[in-house]
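Each remark here refers to the structure printed beneath this line.
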Amino acid sequence: MSKHTFGIVLPIILFSYFLILMDNSIIFTSTVKIAHDLHMNNASLSWVSNAYTITFGGFLLLAGRLGDLLGRKRIFLIGLMIFGISSLLIGISQTEYQIISFRAIQGIGSAIIAPTSLALLMDTYEGKKRIKAISYYGATAGIGASVGLLLGGWLTSAISWRSGFLINVPFTILLIILTLLYVKQTPIKHVKIDYLGAILSVVAAMSLVYGITDNVLSFIILGLILIIAFVWLEKKLDYALMPLSLFKNSVRSGAYIGRFIFMMAMLPYWFILPQIMQQIYHYTPLQAGVGFLPLTIVNFIAAMYLPVITEKFGNTRVLLAGQLILIIGLVISAFVDPSNGYWIAIGLPMIFVGLGQGWILAPLTNAAIYKVDNKIAGAASGMTNSMHQLGGPVGLSIIVLITSQITNIISYYHTVMWLITFYMIIAFIILIITQKEKG
C-alpha cells in the first residue's frame, strides 16, 4: 500500500478503525490491574467492558445513517473527538463509576467512527482500488483485536493499564488534523430524519446487548420487541433510518449473518485463550499477548496478498476457503489437549485461525456492501458493524450459559472450542447458500 496508490485517506480510515478495535481488546489483558487499582469486584469490573459494548452496539445504526444525511466528514470528526476525550477521561479515572461512565461514552465515539470510516472508504475509492482498500479494512478488523491483546499486555506490564487509553489521545488529535486537511466533505442531504427509528434502534440494541451480557431475560425480550417495532416502522417510511432494501440482496443478507456468527465464535476465542495461557502456562499478561503473534502475523500476511487472490479466484471462493481453513484450526484446537504445550495446542492452530480470519473479514465486508447504493452506504456500513459488535456478546453469553457448571479448566477449554467450531460450521453452510450471486 503506497501513498501514490491510495493517498492519505486510506491510512486515516484504517488507523481510526484500528484504534477502536484495539482499544476494545486491550481490556482483556488489563482487567486484573484495573480491578486492583480501582478496588473493583468482578461484577463492577465486567461493566468496564459491558458499558462500551452496549453503547457501541446501540448507536451503530444511527451513526451510520447520520453520516449519509449530515455529511460523513463532519460525523467522523465528531466521533474522533468523542473517542479522544473519553479515552483521556478513562486514563485518569479514579473510581469505578468514572471508568464505567467514560467507557460508555467511548463506545458512542467508536460507534460513530466504525460505520463512517467504511462509508468514507466507499466514497473515496472505486473499482479495483476499492476492493484492495476493503481487503485492508477487513484485515484491520482482525489485526486490531489481536494486536490489542499484545499491546494491552505490554503496556499493562511495562507502564500501566492507563497508558492503553491515554495513548489514544495524541493519535486522535493527529487523525482529526489529517481528516480536516485531506478528507472531503460529502453533501448534506436536506431530508427528514427518522428520529423515532433512531430512538427505537438505540434502545433496542442497548436493551438486547445489556440483556445478553448481563443475562437479564426481561431486557432480551424488550430488545426483541423493540426490534420488531423498528422493522415495522422502517417498512412504512421513505426516509427510514435503516432502509430495508439492504436485505433484498441475498449476498448482503448472508454477509450480515456470516459476520454475526463469525464474532459469535471469535470473541469467545479471544476471551478464553488469555485465560488458558495465564492459568495453565502461568504466562504474564504480556506473554499472553505475545502468544497471539502467530495469529496476528499470519493474518497480516494473508491480508496483504488477499487483493491478488480475490481478483484471481473471486470473493465467494476466497470467503468459503477462509471459513474452511478457520474451521480446521478450531477443530485442531478442540482435539489437542492444552497441557501438551503452547506450540502444539495453541500456536499451531493459530496459524490456521489467522489465515482463515485474514480471508474471511475482508470478503465478508465486501459482500456486505455488494451492489449497495452510495446514498445508503452509511446504513450498510452501520449494519455490517452492528452485526460485528452484537455477535460477540451473543456467542459468549451462550457459551457462558452452557459451560457455567464446568470447573475443570481443560474440560472448559475443549467445550468452548467445540461450541465455536459449531458456530463456524453453521456460518459456512449459510454462506454457501447465500453467496451464489457473487463471484
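Here the closest non-hydrogen pair linking Ala63 and Ile75 is O-CG2, 4.2 Å. Looking at every heavy atom in both residues, Ile261 comes nearest to Met424 through O-SD, 4.3 Å. Heavy-atom minimum distance, Val318 versus Pro363: CG1-CG, 4.1 Å. Listed here is the closest heavy atom pair of Ser16 and Phe76: OG-CZ, 3.4 Å.
Side-chain atoms of Ser87 come within 3.5 Å of backbone atoms of Phe83 as a donor-acceptor pair (strictly under, hydrogens ignored). Panel note: side chain Ser93, backbone Thr95; no donor-acceptor pair is recorded below 3.5 Å. Thr116 places no side-chain N or O within 3.5 Å of a backbone atom of Ile113 that could act as its donor or acceptor partner. Although no hydrogens or angles enter the test, the distance criterion places no donor-acceptor pair under 3.5 Å between the side chain of Ser207 and the main chain of Gly223.
Around atom OH of Tyr97, no more than 12 heavy atoms belonging to other residues, nucleotides or ligands sit under 6.0 Å away. The number of heavy atoms from other shown groups lying within 6.0 Å of CZ (Phe260) is above 12. Atom CZ of Phe428 sits in a crowded spot, with more than 12 heavy atoms from other residues, nucleotides or ligands closer than 6.0 Å.
Rounded to the nearest 0.5 Å, atoms CD1 (Ile398) and CZ (Phe422) are 10.0 Å apart. Thr365 OG1 to Ile360 CD1: the interatomic distance, rounded to the nearest 0.5 Å, is 11.0 Å.
Ring geometry for Tyr17 against Tyr137 counts as parallel: the plane angle stays under 30°, on a 0 to 90° scale with 60° as the upper cut. Ring geometry, Phe18 versus Phe15: the interplanar angle falls under 30°, so the pair is classed parallel (tilted spans 30 to 60°).
Aromatic rings from Phe102 and Phe165 are positioned such that their centres are separated by 6.0 Å or more.
A donor and an acceptor atom, one from each side chain of Thr55 and Arg103, are nowhere located under 3.5 Å apart.
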Would Tyr269 and Met417 count as a side-chain contact (heavy atoms from CB on, under 4.5 Å) here? Give the steps. CA-CA 8 Å; Tyr269 182 84; Met417 285 301 170; 3.6 Å; yes
Ring pair (Phe, Tyr, Trp, His ring centres under 6.0 Å) between Phe247 and Tyr256, worked out: CA-CA 9 Å; Phe247 304 96; Tyr256 299 143; 5.7 Å; yes
Does Ile426 form a side-chain contact (heavy atoms from CB on, under 4.5 Å) with Met264? I'd like the steps, not just the answer. CA-CA 11 Å; Ile426 296 296; Met264 283 181 67; over 6 Å; no
